[in-house]
Amino acid sequence: MEFHNTGGTPARSGTITFATHIIGALGVDWATIRSSQPLPAPIAAGATRSQTYTVCLESWRVPLGMRVETQDVSAVWE
């Protein structure tokens with residue numbers, strides 16, 4: 001993911017939250033699991049940083065025939 005600091009001051013810290021949905025074989029959304037990780041900080045004013053994240057779920061949460069999709073991502077800078 002790429003993070004762009006469009007503000008006038010450095011972004012010193014923050015958190016990114018992933019909402020991973022467990023989807024059944026018929027397309028039913030059975031559950032949403034949220035996980036959070038720190039953002040790549042600091043990011044200077046006007047700068048861009050890239051970061052790769054791995055989102056993991058316990059295998060018992062995803063029974064055979066179901067799939068996972070990370071559909072929502074939100075970030076909060078502090």
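Model, not experiment: these values are computed from the prediction. Side chains included, hydrogens not; waters and symmetry mates left out as well; all remaining heavy atoms used.
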Compare all side-chain heavy atoms of [X] with those of [Y] and state whether any distance is below 4.5 angstrom.
X: Leu39; Y: Tyr53; value: yes
X: Arg61; Y: Thr20; value: no
X: Leu57; Y: Ile22; value: yes

- Item | Expected output: side-chain Arg49 to main-chain Pro42 donor-acceptor under 3.5 Å | yes

What heavy-atom pair brings [X] and [Y] nearest, and what distance separates the two atoms?
X: Ser50; Y: Glu2; value: OG-CG, 3.4 Å
X: Arg34; Y: Ala19; value: NH1-CB, 3.0 Å
X: Ala45; Y: Gly7; value: CB-O, 3.4 Å

Nearest-0.5 Å distance, [atom1] of residue [X] to [atom2] of residue [Y]:
X: His21; Y: Ile33; atom1: NE2; atom2: CD1; answer: 10.0 Å
X: Thr54; Y: Gln37; atom1: OG1; atom2: CD; answer: 7.5 Å
X: Ile16; Y: Ser74; atom1: CD1; atom2: OG; answer: 7.5 Å
X: Asn5; Y: Trp77; atom1: CG; atom2: CH2; answer: 7.0 Å

- Should Thr32 and Asp72 be marked as a side chain to side chain contact (heavy atoms under 4.5 Å, CB included) after you check the CA-CA gap, both sets of side-chain angles, and the distance that decides it? CA-CA 10 Å; Thr32 301; Asp72 306 303; 5.7 Å; no

- Item | Path from Ile43 to Val73 over hydrophobic side-chain contacts below 4.5 Å | yes

